[in-house]
Amino acid sequence: GDRRESGPETGEGVAVAVAMLPGDHIRSQFSCWLAAVRTHYIVLLCFTVVVYFPRLCLSYFVFFVAQLLRLIARILGVAGGRPVTNRRILIITDYMPPQTHGIAIRCDAYITEMRAQGHEVIVFTTGTSNQTSFDNPNIPSVLNPFNLKNRIGYNPGVKLSWFLGAHTWDVVHVVFPSLIGCFVLPLCAWRRIPVYCSHHVEMNMFARKHVPFKLVCDFGLFMYNVIGKWPAIMWGTLNSAPTLCFARDHLGAEYEDRLRCVPSGTHAIFRSEPETPSERQEIRAARFGVKDDSTKVTLMVQRLSGEKGTERIFPAFVPKSEGGEGVPGLLVIAGDGPSRQSLTAEAKRRNLRVVFLGNVPHHDLPKLYRAADCFVTMSLSETFGLTSLEAQMCGCPAVMPFCDVFNEIWDGKTPQTWRYDINSVEQLAAAISVAQSSGREYLAKNPICMTWKMAATELLKQYEECISMMKAKRATLREVVLLLDHCLRVAIFTILALWGLSRYYMVAKRFQGLFTASR
């Protein structure tokens, strides 16, 4: 989920009134209305359609100009291309910091670790913090209407087109969801560049949760298939997802031989050892408002949005006398999103002990995990669930629903008693109770260790598999290109020689005529 820091907010809440002049109020209302119209998905769709094709034509023009210049360089014998031991990798993604969701964290971690291993990693994205000369936030983009802190790239842009046409790449990694796959993938196929496509969002579930109009939703999914998913299936060397079950469901089991599990991990800061001996007590008091160690704290970390199903946990904390399961203690929710207001109102209506922390910086999460007694996720839309891994790396047991994704990742690694049927509040309450009572002891004896360094090393192995799969085709293309280059050189120099000889013959004939006339 999105995690940035803000003050705690309880379900009881505090009302604050701010005086506003009539004119200020009108201007404020108009600004809000204008912002809502500008960021509505239908408005953005219309805008994108209007500007999409002209910019796409410009991108193709730039690509083929770059290819023409490469051809001229080869003919003149000035093209570079010395063999090196490291890899030259191009990563194209809409998701990088300062975005704080799982895909952005994942991409940033891959890039950092691969650069640390000496590889040249060039990144094109819609926006990034901590820019280096290898990071290019140049992809033309619009605001994501379903998450206004993120941007969606709708066109490759001039600079990316130039880099695809002018430079040599060992592998190109396209991170999906992406709307520019239909441009990148066929051009890479044309140049026989290996392409690694990783898919990270369950688009069918996500779209139907956020777009209420079925016709618009179905049209959007169809267009995404046309410009995103189907090109990846057709031209991607390898396609991957955080779990194989999601990859099969999203892309089709018939492509099993080209499906891989994109490696996952988390940062080294997620560890069970506290920074100070009193860290747990201090965090529980300052962030949770709990001053004793006997009060059980259940933690959720996620974006507060409809597809996450956060509200499904509330009945477990309702007292048994009121028809709930009476899970004792405090529920703490870290994250923000469009559902926060409704979740706060629901917690207040049920009179539950709930603390809403808002967005929390990623580097502050380990302290929260170590201070909580268990972590819970109610989401069935995850393609991996990084927060479940983060929690357990910090020694905090994770309570998760039974689903294909979590079954593939965690079966055999964590007890089945920490799992529950999403439709059973009774099973959820039982799983929380077990995890709170003995979960930390289990993880102390059976620690979970999956770091981004390990994941990046495994990802590089999959890149090498991509490269080896395209090796024969690249060798064939190289031979054809060398032959054509040679033929072009012969043709060009033959034409120049004939032109030079014809000019010499004309001059010689003229002098011969002058010499004859003078005699």
Side-chain angles (χ1 to χ4, degrees), residues 1 101-103 105-106 176-177 198-210 221 229 239-253 256 259-266 298-316 325 327 331 333 335 337 339 343 369 374-393 396-435 439 442-443 448 450:
H101 51 75
I103 311 177
I105 292 169
R106 179 186 293 270
F176 288 83
S198 59
H199 305 261
H200 301 270
V201 174
E202 174 50 88
M203 293 299 293
N204 288 328
M205 180 182 295
F206 182 86
R208 299 190 193 285
K209 283 282 186 180
H210 288 276
L221 289 172
K229 186 166 72 173
N239 282 274
S240 68
T243 53
L244 283 174
C245 63
F246 170 65
R248 295 187 198 100
D249 181 65
H250 186 65
L251 300 165
E256 181 85 28
L259 298 183
R260 299 293 182 271
C261 181
V262 62
S264 300
T266 191
T298 301
L299 176 67
M300 302 181 78
V301 180
Q302 62 187 71
R303 171 171 160 78
L304 304 185
S305 188
E307 75 276 5
K308 299 295 185 180
T310 312
E311 70 284 351
R312 290 194 289 249
I313 198 174
F314 289 158
E325 291 299 322
V327 172
L331 174 61
I333 301 176
S339 298
L343 289 170
Y369 291 131
C374 79
F375 168 88
V376 176
T377 178
M378 306 295 298
S379 175
L380 296 177
S381 65
E382 304 299 329
T383 56
F384 183 85
L386 287 178
T387 51
S388 297
L389 173 60
E390 292 171 353
Q392 294 181 110
M393 288 275 285
C396 180
V399 174
M400 296 169 280
F402 289 110
C403 65
D404 291 341
V405 168
F406 291 142
N407 294 347
E408 180 180 324
I409 299 168
W410 298 110
D411 278 0
K413 295 180 181 178
T414 59
Q416 291 290 297
T417 51
W418 298 359
R419 309 288 294 283
Y420 65 94
D421 185 328
I422 194 67
N423 296 311
S424 174
V425 179
E426 183 179 358
Q427 286 189 26
L428 170 61
I432 292 174
S433 178
V434 172
Y442 177 89
L443 290 175
I448 304 294
M450 296 169 64

Contacts of A430 that satisfy side chain to side chain contact (heavy atoms under 4.5 Å, CB included) - sequence neighbours left out: none

Residue pair S339 / G306: nearest heavy atoms and the distance that separates them: OG-N, 3.4 Å

With F406 via ring-ring contact (aromatic ring centres under 6.0 Å, His included) - residues at least two apart: none

Spatial distance of atom CD1 (I448) from atom SG (C396) [nearest 0.5 Å]: 12.5 Å

F402 side, atom CZ; S424 side, atom OG - distance, nearest 0.5 Å: 10.0 Å

May I have the list of side-chain donor-acceptor pairs in residues 374-381 shorter than 3.5 Å, sequence neighbours left out?
{"from": "T377", "atom 1": "OG1", "to": "S379", "atom 2": "N", "distance (Å)": "3.3"}
{"from": "S379", "atom 1": "OG", "to": "S381", "atom 2": "N", "distance (Å)": "3.1"}
{"from": "S379", "atom 1": "OG", "to": "S381", "atom 2": "OG", "distance (Å)": "3.0"}
{"from": "S379", "atom 1": "OG", "to": "E382", "atom 2": "OE2", "distance (Å)": "3.0"}
{"from": "S381", "atom 1": "OG", "to": "E307", "atom 2": "O", "distance (Å)": "3.4"}

Pairs involving residues 407-427, ordered by first then second residue, that meet ring pair (Phe, Tyr, Trp, His ring centres under 6.0 Å) (sequence neighbours left out): W418-Y442

Test side chain to side chain contact (heavy atoms under 4.5 Å, CB included) applied to P177 - qualifying residues, sequence neighbours left out: Y95, V201, M203, Y224

R208: salt bridge (Lys or Arg N to Asp or Glu O under 4.0 Å) partners, not counting sequence neighbours: D218

Distance (rounded to the nearest 0.5 Å) between L304 CG and I333 CD1: 6.5 Å

Distance, nearest 0.5 Å, that separates NE2 of H200 from NE2 of H101: 11.0 Å

Under the side chain to side chain contact (heavy atoms under 4.5 Å, CB included) test, residues paired with E202 that sit two or more places apart: N204, M205, F246, D249

T414 vs Q392, side-chain contact (heavy atoms from CB on, under 4.5 Å): CA-CA, chis, key distance, verdict: CA-CA 10 Å; T414 59; Q392 294 181 110; 3.1 Å; yes

Min side-chain heavy-atom separation M450-T266 under 4.5 Å: no

Residues in side chain to side chain donor-acceptor pair (under 3.5 Å) contact with E256, at least two apart in sequence or another chain: R248

With D404 via salt bridge (Lys or Arg N to Asp or Glu O under 4.0 Å) - residues at least two apart: none

Distance-minimising heavy-atom pair for L259 and G252: CD1-O, 3.8 Å

Qualifying side chain to side chain donor-acceptor pair (under 3.5 Å) pairs, either residue in residues 425-435, two or more places apart: none

Atom pair OG/CG of S264 and L386 - distance to nearest 0.5 Å: 6.0 Å

Gap separating the CZ atom of R106 from the OG atom of S198, nearest 0.5 angstrom: 8.0 Å

I313 to L331 - nearest heavy-atom pair and separation: CG2-CD2, 3.7 Å

By ring-ring contact (aromatic ring centres under 6.0 Å, His included) - contacts of H199 (at least two apart): F176, H250

side-chain hydrogen bond (donor to acceptor under 3.5 Å, both in side chains) between T310 and Q302, intermediate numbers included: CA-CA 9 Å; T310 312; Q302 62 187 71; 2.5 Å; yes

Pairs flagged by salt bridge (Lys or Arg N to Asp or Glu O under 4.0 Å) wherever residues 408-422 is involved - sequence neighbours left out: D411-R419

For T383 against P242, the heavy-atom pair lying closest together: O-CB, 3.0 Å

Over all atoms of both residues, closest heavy-atom pair of S240 and V262: OG-CB, 3.5 Å

